[in-house]
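This one's a predicted model, so the numbers in the text were calculated from it and none came from an experiment. Just so it is clear: chains get the letters A, B, ... in the order the sequence lines come, proteins before strands, and each one is counted from 1.
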Amino acid sequence: MQDCQGKLMTSNANEKCEAFRICICEESGEQSQKTEKEENMADKKLVEAITAMEDDFAQWYTDVVKKAELLDYTSIKGCMVFKPAGYAIWELIQRQMDDRFKATGVENVYLPMFIPESLLNKEKDHVEGFAPEVAWVTHGGLQPLQERLCVRPTSETLFCDYYKNAVQSYRDLPQICNQWCSVVRWEKETRPFLRSREFLWQEGHTAHATAEEAEERTIQMLNVYADFCEEVLAIPVIKGRKTDKEKFAGATATYTIEALMHDGKALQSGTSHNFGDGFAKAFGIQFTDKDNTLKYVHQTSWGTTTRLIGAVIMVHGDNSGLVLPPRIAPTQIMVIPIQQKKEGVLDKAYELKERLGAFRVKVDDTDKSPGWKFSEQEMRGIPIRVEIGPKDIEAGKCVICRRDTREKIEVSLDEIETKAGEILDLMQKEMLEHAREHREEHTYEAKDMETFRKLFAEKSGFVKAMWCGEQACEDQIKEEMAVTSRCMPFEQEQIGETCVCCGKPAKKMVYWGRAY
RNA sequence: CGAAGCGUGGCUCAGUUUGGUAGAGCGCUGCGUUCGGGACGCAGAGGUCGCAGGUUCAAAUCCUGUCGCUUCGACCA
């Protein structure tokens with residue numbers, strides 16, 4: 001402890017102070033009052049490393065992204081380097097989501113990244129929605145192009161162009177395709193993972209013989225997303241339908257999953273659209289049905305993006321950095337040897353790694369101090385670490401420390417595989433529970449405008465309130481307090497009889513919030 | 001697109017007001033001592049100061065222009 005005090009004074013590597021403080025509280029409760037002075041200093045110095053989320057959530061977010069080495073900026077605004085730690089998370093998301101897609105009959109395809117302007121222009125609402133943010137290719141080599149090409153902001157038009165030829169008969173339906181790719185939207189303001197000019201995503205596009213079948217697929221994929229978020233990302237979501245004001249350009253209905261971040265702001269985490277036959281009519285996608293009549297197909301599209309990584313950061317992270325749910329943690333277990341130069345310590349660490357081979361496990365055998373390695377593991381969000389040193393080896397045990405609770409658990413070396421598995425499972429489960437508790441605590445109800453205003457002035461979170469269905473009320477609420485309707489949830493509650501804004505008879509209960 | 005801030009070794013920044021031999025800490029390399037919550041010593045390497053003009057005997061510093069990044073708003077995944 002004296003040692004650390006000394007370090008506090010002389011070092012400007014700061015996170016250790018926070019870590020030290022927490023360690024004291026854990027190991028011996030009665031010592032907590034003696035360190036008030038140290039705590040002040042620790043709090044002050046910590047700010048330089050990872051900004052406390054209570055002080056400045058946006059800065060905390062950026063700090064975590066940098067400290068966990070997920071991304072790097074490049075010389076182009078809004079275009080990021082996904083570093084190994086960041087890309088590995090995306091790969092795990094991709095793999096697990098893709099498995100769930102395939103289980104519902106989805107096939108993967110790949111379409112070009114360029115869209116001729118004339119093709120983009122075919123569906124009026126669609127082009128109006130995206131025109132302000134498309135990037136254009138005007139030259140091929142040194143020659144100007146006859147027709148400029150848009151870099152896809154989304155691929156509805158390309159899929160339509162493809163389906164137009166691929167679909168002739170009812171026997172060619174349904175078409176259930178998905179592609180993993182990147183798209184470009186020239187955003188003014190960019191933020192790592194949440195809003196970049198080029199981003200990675202998947203976009204599913206389907207064509208069906210009937211409206212019912214299209215609607216069924218739209219909802220089915222929304223459910224896939226919701227289950228994925230909860231089971232894999234440990235993020236609880238609200239499933240619902242977007243109002244007309246918020247729906248996708250060109251869609252007849254947009255469904256969404258909405259998640260609540262730690263700072264109480266909402267994040268649209270995935271959308272599923274039903275296009276009806278609007279695109280089919282604009283693009284002429286017709287088929288001959290069993291009754292020998294020509295019909296238009298009914299289409300859907302659905303997408304999720306690397307924004308999900310931003311959601312994970314903002315739902316689970318804390319002031320020591322990233323906290324990853326085990327299922328998407330590129331490294332689930334970090335084995336940290338103590339006094340690794342002592343005979344047999346490293347060998348034991350490698351042996352543990354072998355035995356934990358069922359998990360994604362690494363040994364930190366760098367020559368950094370153990371304290372450094374602990375902080376590093378925490379900033380990177382690695383779910384559990386295994387501390388192993390001479391004392392442990394002698395006692396035939398090791399210490400497992402959980403990232404989310406920082407609980408230290410002594411485990412006999414004989415049962416490390418089972419224990420590690422149990423702890424990871426428990427952590428995955430409890431992270432979802434904690435996120436759900438947080439959302440419940442930050443979900444409010446308003447029956448009248450006064451309460452509604454007060455809630456958004458004083459609290460941060462979702463507010464459930466009734467709505468008449470008129471866009472005028474949405475506009476007024478947005479104008480007045482920068483709050484938007486997040487969705488009309490599938491699970492409706494009758495909070496009141498009248499619209500929170502205008503007082504006319506209410507049609508739907510709506511989740512309102514400030515969004516990312 | 002509006003507002004603010006910032007461009008100086010890999011990183012964070014000082015130096016710019018008042019022009020005069022490019023600095024610090026961290027990181028990096030080597031050797032040694034350490035190791036249960038960001039250890040320490042010694043020795044090293046590394047920068048045409050965002051870019052382009054201009055003023056001057058002399059520019060990181062003054063002038064003009066330009067490019068870029070970050071944050072906050074409006075718009076959007």
J.: Find the distance A:Glu407:CD to B:rG37:P and express it as a whole number of Å.
T.: 18 Å
J.: Determine, for nucleotides 70-77 of chain B in 5'-to-3' order, which nucleotides have protein heavy atoms under 4.0 Å from the base (write B), from only the sugar-phosphate (write S), or from neither (write -).
T.: SSS-BSBB
J.: Quote, to the nearest angstrom, the C1' distance that separates B:rG41 from B:rU18.
T.: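 To the nearest whole Å, 42 Å.
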J.: What distance, rounded to whole Å, do you find between the two P atoms, one in B:rA39 and one in B:rG2?
T.: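 Taking atom P in both B:rA39 and B:rG2, they lie 48 Å apart.
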J.: When the C1' atoms of B:rC75 and B:rC67 are compared, how many Å lie between them, rounded to an integer?
T.: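 Here B:rC67 and B:rC75 have their C1' atoms 25 Å from each other.
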J.: Determine the contact category for A:Val183: base if any of its heavy atoms lies under 4.0 Å from a base atom, sugar-phosphate if only primed atoms, P, OP1 or OP2 are that close, otherwise nothing.
T.: nothing
J.: Quick check: A:Phe248 with A:Phe275 (ring centres under 6.0 Å apart)?
T.: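 Centroid distance A:Phe275-A:Phe248: below 6.0 Å, so yes.
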J.: Under 4.0 angstrom, heavy atoms only, what part of the nucleic acid is A:Asp392 near: base, sugar-phosphate, or nothing?
T.: base
J.: State whether A:Asp318 and A:Arg403 are salt-bridged, where the test is any N-O pair (Lys NZ or Arg NE/NH1/NH2 against Asp/Glu carboxylate O) under 4.0 Å.
T.: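 Result for this pair is yes, salt bridge flagged.
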J.: Paired with B:rA3: which nucleotide, if any, by Watson-Crick or G-U wobble criteria at under 3.5 Å for both distances?
T.: B:rU71
J.: Whole angstroms only, please: what is the NZ-P distance between A:Lys348 and B:rG36?
T.: 21 Å
J.: In whole angstrom, give me the gap between the C1' atoms of B:rG19 and B:rC63.
T.: 13 Å
J.: Using the ring centroid of each side chain, check whether A:Phe452 and A:Phe456 are separated by less than 6.0 Å.
T.: yes
J.: Do A:Glu351 and A:Lys348 sit within salt-bridge range, that is, some charged N less than 4.0 Å from a carboxylate O?
T.: yes
J.: Figure out the CD/P separation between A:Gln377 and B:rG36, and round it to whole Å.
T.: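 So the two atoms are 16 Å apart, to the nearest Å.
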J.: Atom pairs under 3.5 Å, N or O on each side, protein against nucleotides 31-33 of chain B: can you list them with distances?
T.:
none

J.: Would you classify A:Lys342 as touching base, sugar-phosphate or nothing, given that sugar-phosphate means primed atoms plus P, OP1 and OP2, and contacts are heavy atoms under 4.0 Å?
T.: nothing
J.: Taking A:Glu117 first and then A:Lys122, would you say they form a salt bridge - that is, a charged N and a carboxylate O separated by under 4.0 Å?
T.: no
J.: For the side chain of A:Gln339 and the base of B:rG36, is some donor closer than 3.5 Å to an acceptor across the two?
T.: no
J.: Cation-pi check, A:Arg385 to A:Phe374: give yes when NZ or CZ is under 6.0 Å from the six-membered ring centre and within 45° of the ring axis, no otherwise.
T.: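 Checked: cation-pi criterion met.
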J.: To the nearest angstrom, how far is A:Ile388 atom CD1 from B:rC35 atom P?
T.: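 Interatomic distance, CD1 of A:Ile388 to P of B:rC35: 17 Å.
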J.: Using whole Å, what does the distance between atom P of nucleotide B:rC35 and atom NZ of A:Lys368 come to?
T.: 17 Å
J.: Roughly how many Å is it from NZ in A:Lys66 to P in B:rC11, rounded to a whole number?
T.: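 The distance from NZ of A:Lys66 to P of B:rC11 comes to 11 Å, rounded to the nearest Å.
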J.: Please find out if less than 6.0 Å separates the ring center of A:Phe101 from that of A:Trp302.
T.: yes
J.: So what's B:rG23 paired with, Watson-Crick or G-U wobble, going by both distances under 3.5 Å?
T.: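 By the stated definition (distances under 3.5 Å), B:rC13 pairs with B:rG23.
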J.: Could you check how far CG of A:Asp364 sits from P of B:rG36, rounded to whole Å?
T.: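 From A:Asp364 CG to B:rG36 P: 14 Å.
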J.: Using the side-chain hydrogen bond (donor to acceptor under 3.5 Å, both in side chains) rule, pick out the option among A:Asp98, A:Asn108, A:Thr304, A:Thr305 that qualifies with A:Gln202.
T.: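 Single side-chain hydrogen bond (donor to acceptor under 3.5 Å, both in side chains) partner of A:Gln202 among A:Asp98, A:Asn108, A:Thr304, A:Thr305: A:Thr304.
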J.: Any strand counts, and the cut-off is 3.5 Å on both contacts for Watson-Crick or G-U wobble. Which nucleotide pairs with B:rC40?
T.: B:rG32
J.: With a cut-off of under 6.0 Å to the ring centre and 45° to the axis, is A:Lys265 in cation-pi contact with A:Tyr516?
T.: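 Ring-cation test returns yes.
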J.: Please say whether the positively charged group of A:Arg185, taken as NZ for Lys or CZ for Arg, lies over the ring of A:Trp201, i.e. under 6.0 angstrom from the six-membered ring centre and within 45 degrees of the axis.
T.: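 Relative to the ring axis of A:Trp201, which defines the angle, A:Arg185 lies inside both limits.
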J.: Tell me the interatomic distance from A:Lys408, atom NZ, to B:rG36, atom P, rounded to whole angstroms.
T.: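 Taking NZ of A:Lys408 and P of B:rG36, I get 10 Å after rounding.
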